[in-house]
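Throughout, protein chains are lettered first and strands after them, A, B, ... in sequence-line order, and every chain is numbered starting at 1. Side chains are part of it too, since the values below use all heavy atoms of this structure and drop only hydrogens, waters and symmetry mates.
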2 protein chains.
Amino acid sequence: MTRNVRTYDHFCLVSRALERVGDRWTLLVIRDLLTGPNRFSDLADRLGGITPKTLSQRLRELEDAGLVTVDREPGRREVRYRLTPAGTDLAPVVDALGKWGLRHAWRRPRPGEPLHAEHVLRAVTQAAELAGADHRPTRWHFHVDGEDWLVVGDGRGWSLTAGAPTTPVDVTITAATGALAAFLFARSESDVDITGDAGPVRQFRRMADTVAAAVEPA
Amino acid sequence: MTRNVRTYDHFCLVSRALERVGDRWTLLVIRDLLTGPNRFSDLADRLGGITPKTLSQRLRELEDAGLVTVDREPGRREVRYRLTPAGTDLAPVVDALGKWGLRHAWRRPRPGEPLHAEHVLRAVTQAAELAGADHRPTRWHFHVDGEDWLVVGDGRGWSLTAGAPTTPVDVTITAATGALAAFLFARSESDVDITGDAGPVRQFRRMADTVAAAVEPA
DNA sequence: CTGGATCCATGATGATACTG
DNA sequence: CAGTATCATCATGGATCCAG
């Protein structure tokens, strides 16, 4: 049972929000649902280190709070967890944390730290937001370890979605996850293929420069 | 000792950030330092419900992480905790949480829930951000329970600072904390005095309408 | 009086193993 | 695949106490 009913009881919007999503692991579960519905095992994989007990507890709390719905297709064992609109609205919180993390909480990965394409792509999205505001509408297509991702800037903000784009893109980046991470965080160009017109490619590289500048002191 | 060294060990900017500020109470301590340096007892008062042990532990962790500095004036017993620039940079995270809380985590106060002017004013700031983007530069002066506060929108974002303004303002609002909270969250005009030119006053009321619209379903 | 520290009880989390 | 069960450990809440 142990329904987590801990409250702060402040008359404050921030503490109200943290009463819902302030528990350990909760915002990371949200993070890994922001790109689309996921199964229990996929979440457990991305959330390396979470125990099944904690994950199922968090998912139930999020469902009770109306931030997650559970799709159970009858006849199948497969279960898909999906964000509700209220859950999706947490994207700005996750992005604000990522942008702060880029500037102030970077550290080298520990040995054996798992590396997920989705997390690296989310870092790209957050770096693009941080790199600032000359946004014309922009579409970057990533082909990473056989999966397709689309990073879109609409002039006001940037977002990440899973799947191949269905309309033209400005830049296409092909790389393995590790090579892409090295490109972003260590200015390595090895095994990263970037194609597109000169202007958009320059904009993409400027995003990477933002990452390098933020990370270099560390 | 119990230095909290819990990590997530994901290669991800969000989890890096949460390793620093994801513990219970931590972001609320930041929240209550964003308007300026504060003493231990002032923090304990605003953070109603925190135990001294947890507060001193959080402050030490934040100091170790470089987000807070401790001003100990020699000869005086007074200690002031102050955010570093890295700590101040968490303002967007706190604001994103508050904006989400306004839309999705509002609930009526519990009986006896303490009410602090600073928290209500921060809700004003977050509601102004949510109300959107017709921002001309705007300055609202609040006189609440004998204290002065300034809410400034610079066209890109809004901020809250403690103290009386030293240059002209667009709107001046005078009210007790409770009356201001009732104005915001329950459309009560009792004992709230609003002065200023018609345009800026209309803009201020539009912010309050945003709050009412977000809160009414609940 | 401010600025904490100490002790204990309880609740939340981690590790590991196991099951429909 | 999608969890549950059990046990150990750690973090937090509540109360009290203390030093400058």
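- Side-chain N/O atoms of A/Ser56 include none lying less than 4.0 angstrom from OP1 or OP2 on D/dA2.
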Chi angles and distances behind the ring pair (Phe, Tyr, Trp, His ring centres under 6.0 Å) call for B/Trp106, B/Trp100: CA-CA 9 Å; B/Trp106 168 258; B/Trp100 186 85; over 10 Å; no
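- Look at CD on B/Glu78: it is 15 Å from C1' on C/dG4, rounded to the nearest Å.
- Within the 4.0 Å cut-off from OP1 or OP2 of D/dT4, at least one side-chain nitrogen or oxygen of A/Arg60 is found.
- The side chain of A/Thr54 contributes an N or O atom lying less than 4.0 Å from OP1 or OP2 of C/dG14.
- Computed from coordinates, the B/Leu55 CG to D/dT12 P distance equals 13 Å when rounded to whole Å.
- Closest to the side chain of B/Thr51, from the set D/dG14, D/dT16, C/dA17, is D/dG14.
- Across all strands shown, A/Ser41 has heavy atoms under 4.0 Å from sugar-phosphate atoms exclusively, and none from any base.
- Between B/Val14 and A/Leu28, the shortest heavy-atom distance links the atoms CG1-CD2, 4.0 Å.
- In this structure, CG of A/Leu47 is placed 14 Å from P of D/dA2, rounded to the nearest angstrom.
- For the residue pair B/Thr167 / B/Arg139, a side-chain donor-acceptor distance below 3.5 Å is found, with atom types taken as modelled.
- Of all nucleotides listed (D/dA11, C/dT13, D/dG3), D/dA11 comes nearest to the side chain of B/Arg58.
- Taking only side-chain nitrogens and oxygens, B/Trp25 comes nearer than 4.0 Å to OP1 or OP2 of D/dG13.
- One can place CD1 of B/Ile50 at 16 Å from P of D/dA15, the figure rounded to the nearest angstrom.
- B/Lys53 places its NZ atom 13 Å from the C1' atom of D/dT16, with the value rounded to the nearest Å.
- Rounded to whole angstrom, the span from the CD atom of A/Glu61 across to the C1' atom of D/dG3 amounts to 16 Å.
- Side-chain proximity of B/Arg24 to the nucleotides C/dT13, D/dT16, D/dG13 is greatest for D/dG13.
- A/Gln57 has a side-chain polar atom (N or O) that falls below the 4.0 Å cut-off from OP1 or OP2 of C/dT13.
- Scanning all heavy atoms of the two residues, the minimum distance from B/Leu67 to B/Ala86 falls at CD2-CB, 3.8 Å.
- Within the 4.0 Å cut-off from OP1 or OP2 of C/dG4, at least one side-chain nitrogen or oxygen of B/Tyr81 is found.
- Here the side chain of B/Arg6 is nearest to one of C/dA12, D/dA11, D/dT4, namely D/dA11.
- Note: CG (B/Leu43) to P (C/dG4) measures 11 Å, nearest angstrom.
- Heavy atoms only, all atoms of each residue included: A/Phe11 and B/Ala181 are closest at CE2-CB, 3.9 Å.
- As a whole-Å value, the separation of A/Leu59 CG from D/dG3 C1' is 11 Å.
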